[in-house]
Structure formats: structure tokens, C-alpha cells
Amino acid sequence: MNFEISKEPIDTQSIIDKVIQREAGAITTFIGTVRELTAGKKTLYLIYEAYESMAVKKLEQIGREIEERWTGAKVAISHRVGKLEITDIAVVIAVSTPHRADSYEANRYAIERIKEIVPIWKKEHWEDGEEWIGNQLETVAYPTGKPEESDLDE
Amino acid sequence: MNFEISKEPIDTQSIIDKVIQREAGAITTFIGTVRELTAGKKTLYLIYEAYESMAVKKLEQIGREIEERWTGAKVAISHRVGKLEITDIAVVIAVSTPHRADSYEANRYAIERIKEIVPIWKKEHWEDGEEWIGNQLETVAYPTGKPEESDLDE
Amino acid sequence: MNKVMFFAHLRDAVGEESVSVDLTGKTVAEAKAILSEQHGINLETVMTAVNEEFAGDDDVLSDGDVVAFIPPVSGG
Amino acid sequence: MNKVMFFAHLRDAVGEESVSVDLTGKTVAEAKAILSEQHGINLETVMTAVNEEFAGDDDVLSDGDVVAFIPPVSGG
């Protein structure tokens, strides 16, 4: 189960453990955490929602894409759903490869792909309101034309 | 103590914990592990040796360089010394930043700088011999002209 | 019959996680038009998944296909 | 007097972690020549640290300075 949607807090070490291999000299992890400030606005908490069965399939697809593109790569990804507080972990991506350059590149590829094709949505809650966030890659217009303050490089 | 040379096994999570911050949306870690095969040769184990006091200073310097170059970055690095077996952790670099692109770049910078300026040396032990490895960046000739099989992109 | 699923702001707007509609023989584009009309939602920039795989506007739906409207994602 | 430290293959070659030599007033380049001669080691491609900071070949050593020869590093 290297690719999962988790309702419980993610234990980073357990994700790292999934990609350990004798052939690997490098493991990179990306840990996406809930940041307090986005474009100057103070987040209280977030809700993540997923189309869970499809999201798992899409994470698996990203894993296959990486293993095809970077020889010897091994990948594990867990994405949290539910209510997350500031500094809570939303996603952990672990990639092991024989050589370190590949490990950074493949990991970066994974997070960019997650933001393109994995059906997971985030609702930000501020003191003065809440909003579903979309379109982090600006590939399509957000249906309501909002949020103008969305952060493309979270 | 965000920068240290460790005689004991490194606990990755404890390094990650050092860089958690409310302003950060991204944490990357690089975990360098002992790989079994380098250029087709089977490693039995490694010995890492450091000029410890200077190595800590140089790790601190790398941390300062990163914090100057990438706004809001927080860095922790631990490098192991002593005897390491296959898959053991040699180094853990954790970097947190507000935005993810910075986190990957700053982390990559750290490992490249470690391989340039931090006085730590690795001795590889194979079935048929042993050798101190140097010059991973090929900026200077290895004193003995060896090792020809050294791996520049570990 | 077909199950049609909504997520994120669409779920809030529709007030249901899913609805049952007969879309057999319709294209994805036609399905979007029908559901937009029925629920007063804008599906222009929304992707569509059929049986958990992204589908094109011209794909034709069969009986039993599960349709999901996928607003721009914001995971990670 | 000065403490001179050796690491990695240099330590193996010299057979000591450090030696005491008077290098007061000598440049780093001169120190290298002296130690190469004394211990039959090649210091051409070796960096030098004085009091835990990298030093240039023209830097002049003071009494008490700790000199370390730093072969190409291989950490990480």
C-alpha cells in the first residue's frame, strides 16, 4: 500500500520505510504542511476532501510514471483528508533512487502531478470566511473567478 | 543544535522536528543511505570520519548560506560518523520554507555544499579491498589518481 | 441509470454527494449540460471522471457508468 | 609550536592523527612542503585549514595555530 489517502495523521517515518532499498543511495521526502499565512491571510484550519478511490488510483499512476522515467526509483505517497490544523501534515512523498539528482527531480515531479490530476480539494477557513481552493496550477479558470489570492506555489 | 556530527544512528523524524515552523508550507528531507552497489562494485560497509569541530562549523555555514539565499528557510543537518552498513543513514538534511520550490532547491544546495566544503571522508570496504573516497565533485585530482570508479553522483 | 458525484464547492452547491440520473447514450458534454441545468451549477471548467478515470467531452456514457465532476484540484 | 592534523588516507600514510611542528612564520605552502618531505605524502591537491577555517597557500602561520590537511572530502 504505497499510495494511500489517510484519515489519520501521517507518520513520515512509516512512508520513508516503504521506499528503503539496498540499491538506493538517496531518499528524498516532501512534507506538505498547513501554513498559517497565505497571501497575508491567516488560516485557522483546513478541510481536505478526496474522491478517495480515484485519488488512490491517480497516486498509483504517478508512482508508475516516476518508476518509468527514473530508473530504479521507488515511491510512496500518503495524502491526508479531514480537518488539519496549522503545521499538520497534508501530504508526504518519499522517493528513493540510486542517485541523488533523480531523487530530487522525481519527488518534485510527484508533487506537481498531485496538483494536476489527483482529485483532492482543500477548503480554507479564515476568521472571516471559508472557501474551496482550486486551480493551483492556473491551467483553468476557477469557476467563480476566485480566489484571487490563491497561492500557486504552496 | 541544528547542525551536528553524530556517532549514533540518525533519527530522521528528530531532524524534521527541528525545522517545523508555522510559516512553512513545505519541508523537504534528503536522506543519504549506504548503497550496496557503486559502479558495479559491491560495498560491504563504510567508515565515515570527520574533522568534527570544523565539520560542525561548515554545516552551520551552509545553514547560514541557505537562510540568506532562501527567505524564511530553516535548516537542520546531521551527518553520521563511524561504521555504516548497507541502507544505514549517512546524512539527513531537512529544510522548511514557506513555498515548495525553495524547499527543494535549498535542500539540493545543502547536499552539494556538503560534498564541497565539509571535512568528512568515507572509506569504502569491499570484499577485495578498501579505499578512502575523495573528490566526488571532480574539482581536484584525487592524490593517487584513484579511484577511477568513484561515483560522482552518489 | 447513472450515479453522478459532486465534490468541493459543487457538493456545497448541489447539497448532495451524488444523484441518480439516466445518462445512457449521452456524451459527457451533454451530461454536463443536463446537470448544470438541473442544479444551477457551472461545469465549464470542471473535469469529468467516468468510472474513476478522466473522460473527454465526446465520450459516450453507458448504463451504470459512475460519473464524477472534478473541480480544479487543490491537494498537496 | 603548531599542531598539524591528518585525516583519511593522509592519516593512514602518516600513521598519526596529529604531529607537533614549529611552523611559526611559515606560509601554508611552506608548511605543506615541510610536512610532505617529513612524511613522504603528497599534499598537492589537499586543502588546508588553519584553526578550523580554510586557508590560502600564502597565509602565514602564527605560534599555536592548528593546521589541518583536508583531502578532497567525500561526505554526504
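In what follows, chains are A, B, ... by sequence order, proteins preceding strands, each numbered from 1. We use all heavy atoms of the structure for the numbers below, so side chains are in, but hydrogens, waters and symmetry mates are not.
For chain D, the nearby parts of I117(B) are the backbone and the side chain; heavy atoms of each come within less than 4.5 Å. With a 4.5 Å cut-off on non-hydrogen atoms, A50(B) touches chain D through its backbone but not through its side chain. At a 4.5 Å heavy-atom cutoff, the contact between N51(D) and chain B is made by backbone atoms alone. With a 4.5 Å cut-off on non-hydrogen atoms, I114(B) touches chain D through its backbone and its side chain both.
With H79(B) contributing its side chain and G76(D) its backbone, the two residues share a donor-acceptor pair below 3.5 Å.
Annotation: K18(B), atom NZ; neighbour count of heavy atoms from other residues, nucleotides and ligands within 6.0 Å is above 12. Crowding of D58(D) atom CG: a count of heavy atoms from other residues, nucleotides or ligands under 6.0 Å not exceeding 12.
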M54(B) and I70(D): CA distance, side-chain angles, deciding distance, side-chain contact (heavy atoms from CB on, under 4.5 Å) verdict: CA-CA 11 Å; M54(B) 180 173 170; I70(D) 311 283; 4.2 Å; yes

Check against side-chain contact (heavy atoms from CB on, under 4.5 Å), E49(B) and R11(D): CA-CA 11 Å; E49(B) 176 181 298; R11(D) 181 177 293 181; 3.9 Å; yes

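Put simply, NZ on K115(B) and OG on S74(D) are 8.0 Å apart, with the number rounded to the nearest 0.5 Å. Considering CZ of F7(D) and CH2 of W121(B), their distance stands at 5.0 Å, rounded to 0.5 Å.
Nearest heavy atoms, A68(D) versus Y51(B): CB-CE2, 3.3 Å. Closest approach of K123(B) to D12(D), counting heavy atoms only: NZ-OD2, 3.2 Å.
In this structure the side chain of F54(D) reaches within 4.5 angstrom of the side chain of K58(B), judged on heavy atoms.
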